[in-house]
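Input: a single structure, listed below in structure tokens.
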Amino acid sequence: MTTYILRHGQTNYSKRYLVNGDPTKQILLTDEGRQSLGLVWSAVPLRSVATWLTSEFPRARQTALLLMGVPSPEPIVDARLNELDYGDFEGKPFLEYAAWLDAHGPGQCPPGAVESQREGIRRMLTGVLAALEPPGPRVLVGHGLLLSVLHWHRNRATDEAMPLFFPEAPYVEPLVLLDDELPLLVTELMDDLDSAALREITAGDDASILRIGEGPAVATVDPVSPSHSPDKKDLPHA
């Protein structure tokens with residue numbers, strides 16, 4: 001069987017690269033975001049999908065419901081698929097969070113948050129692995145960081161270590177994974193996270209050791225606010 005994993009459609013937050021890690025905020029798709037869902041019909045055999053899975057976030061659930069049509073079974077809502085908790089950076093430009101992340105590293109928890117970037121990625125991967133439990137084919141609607149990590153893994157160079165920032169994930173572009181491929185992918189990424197944690201312990205307070213590569217601009221959420229000053233324009237962003 002097959003699992004199709006995709007990022008939700010565009011929102012007003014993602015259009016402006018503002019972060020949202022709070023699922024209680026009613027952030028829904030833009031008109032462009034809703035219209036883009038038509039592209040999925042040509043890429044995924046939606047009528048044969050047996051299981052739909054989403055995070056708790058309204059934009060992810062809306063994306064799934066619009067793709068499902070009627071009648072369809074209710075989607076499985078799994079909090080493990082939620083976007084990263086950004087703490088005090090909630091609702092702010094991604095560049096502000098990116099600057100903090102660059103300074104403190106992926107193993108540190110942002111002010112006001114309950115998880116670090118690496119902890120959030122690990123949580124999301126457990127949700128992806130659990131998607132194999134219900135029958136397939138399946139469609140899983142997730143968020144920018146999860147899809148960015150999965151796309152990075154698929155295109156990674158040999159022996160490339162997990163970076164601090166990832167290439168931005170496209171909206172509603174399905175990543176297709178076979179049932180025997182998905183557990184291997186999750187295992188490899190979990191190993192990457194374990195290796196990164198070991199490097200962090202070894203590095204101590206030297207955050208520069210944790211930044212394994214400059215990499216292209218990035219990924220966990222949504223566009224750069226035009227109000228940013230020129231000195232921030234080159235920072236990684238989603």
Side-chain angles (χ1 to χ4, degrees), residues 1-86 90-91 94 120 123-125 127-151 154 166-179 182 219-223 238:
M1 283 295 178
T2 303
T3 302
Y4 300 90
I5 306 179
L6 55 95
R7 184 186 179 189
H8 60 79
Q10 183 196 77
T11 70
N12 280 325
Y13 263 52
S14 66
K15 186 176 181 179
R16 294 179 290 151
Y17 285 81
L18 304 177
V19 301
N20 169 228
D22 180 358
T24 66
K25 291 192 174 182
Q26 292 299 307
I27 297 172
L28 300 175
L29 306 189
T30 61
D31 289 341
E32 183 177 346
R34 289 191 295 272
Q35 292 169 6
S36 69
L37 300 184
L39 300 175
V40 183
W41 283 97
S42 60
V44 179
L46 296 179
R47 296 188 185 280
S48 67
V49 173
T51 302
W52 293 81
L53 305 102
T54 80
S55 74
E56 295 181 311
F57 283 69
R59 59 186 180 273
R61 299 177 69 175
Q62 182 187 21
T63 297
L65 290 171
L66 289 173
L67 289 173
M68 288 167 63
V70 179
S72 291
E74 285 295 312
I76 296 172
V77 177
D78 190 340
R80 289 173 293 186
L81 301 173
N82 284 0
E83 180 58 293
L84 192 66
D85 178 4
Y86 292 100
E90 176 66 36
F94 180 81
R123 163 180 58 76
M124 295 172 200
L125 291 174
V128 170
L129 188 60
L132 286 174
E133 297 172 7
R138 314 165 195 85
V139 171
L140 185 159
V141 182
H143 295 269
L145 178 55
L146 172 60
L147 271 298
S148 292
V149 170
L150 296 179
H151 279 288
R154 174 154 286 188
F166 304 85
E168 182 177 3
Y171 298 112
V172 299
E173 182 177 304
L175 188 65
V176 185
L177 295 169
L178 299 178
D179 283 7
L182 195 152
T220 71
V221 233
D222 312 27

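All residue numbers refer to positions in the sequence shown, counting from 1.
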Checking side-chain contact (heavy atoms from CB on, under 4.5 Å) for the pair Ile5/Leu147: CA distance, chi angles, key distance, verdict? CA-CA 8 Å; Ile5 306 179; Leu147 271 298; 3.9 Å; yes

Let me confirm one number: the CD1-OH distance from Ile27 to Tyr13, rounded to the nearest 0.5 Å. 4.5 Å

OG1 of Thr54 to CE of Met68, rounded to nearest 0.5 Å, is 9.0 Å

Taking all atoms of both residues into account, what is the closest heavy-atom pair of Leu37 and Leu67, and its distance? O-CD2, 3.7 Å

What one should report as the nearest heavy-atom pair of Arg80 and Gly127 is CB-CA, 3.8 Å

Could you tell me which non-hydrogen atom of Gly9 sits nearest to which non-hydrogen atom of Tyr171, and how far apart they are? C-CD2, 3.7 Å

Is the backbone of Gln10 close enough, under 3.5 Å, to the side chain of Glu32 for a donor and an acceptor to pair up by distance? no

Can you tell me if Arg47 has over 12 outside heavy atoms packed within less than 6.0 Å of its CZ? no

Spatial distance of atom CD (Gln62) from atom CG (Leu28) [nearest 0.5 Å]: 4.5 Å

dist Trp52:CH2 -> Thr63:OG1 (nearest 0.5 Å) comes out at 10.0 Å

The test is side-chain contact (heavy atoms from CB on, under 4.5 Å); show your working for Leu6 and Leu175 and say whether it passes. CA-CA 6 Å; Leu6 55 95; Leu175 188 65; over 6 Å; no

For His143 and Ala60, work out which heavy atoms get closest and say how close. NE2-CB, 4.0 Å

Show the nearest heavy-atom pair for residues Arg154 and Leu177, with the distance to one decimal. NH2-CD2, 3.2 Å

Donor-acceptor pair, distance only, cut-off 3.5 Å: does the side chain of Arg123 make one with the backbone of Asn82? yes

Under 4.0 Å between a side-chain nitrogen and a carboxylate oxygen: does that hold for Asp179 and Arg138? yes

For Pro75 and Leu65 the tightest heavy-atom approach is CD-CD2, 4.1 Å

Are the side chain of Ser148 and the backbone N or O of Ala169 linked by a donor-acceptor pair below 3.5 Å? yes

Do Met124 and Ser55 have side chains that get closer than 4.5 Å, going by heavy atoms? no

Mind checking whether His8 and Val172 have side chains closer than 4.5 Å, heavy atoms only? no

Determine yes or no for a side-chain-to-main-chain donor-acceptor pair under 3.5 angstrom, with Gln26 supplying the side chain and Pro58 the backbone. no

From Leu146 atom CG to Arg7 atom CZ, the distance as rounded to the nearest 0.5 Å: 11.0 Å

For the side-chain contact (heavy atoms from CB on, under 4.5 Å) test, which of Glu83, Arg59, Glu56 pairs with Pro23? Glu56

Enter the distance from Leu46:CG to Tyr4:OH here, rounded to the nearest 0.5 Å. 9.0 Å

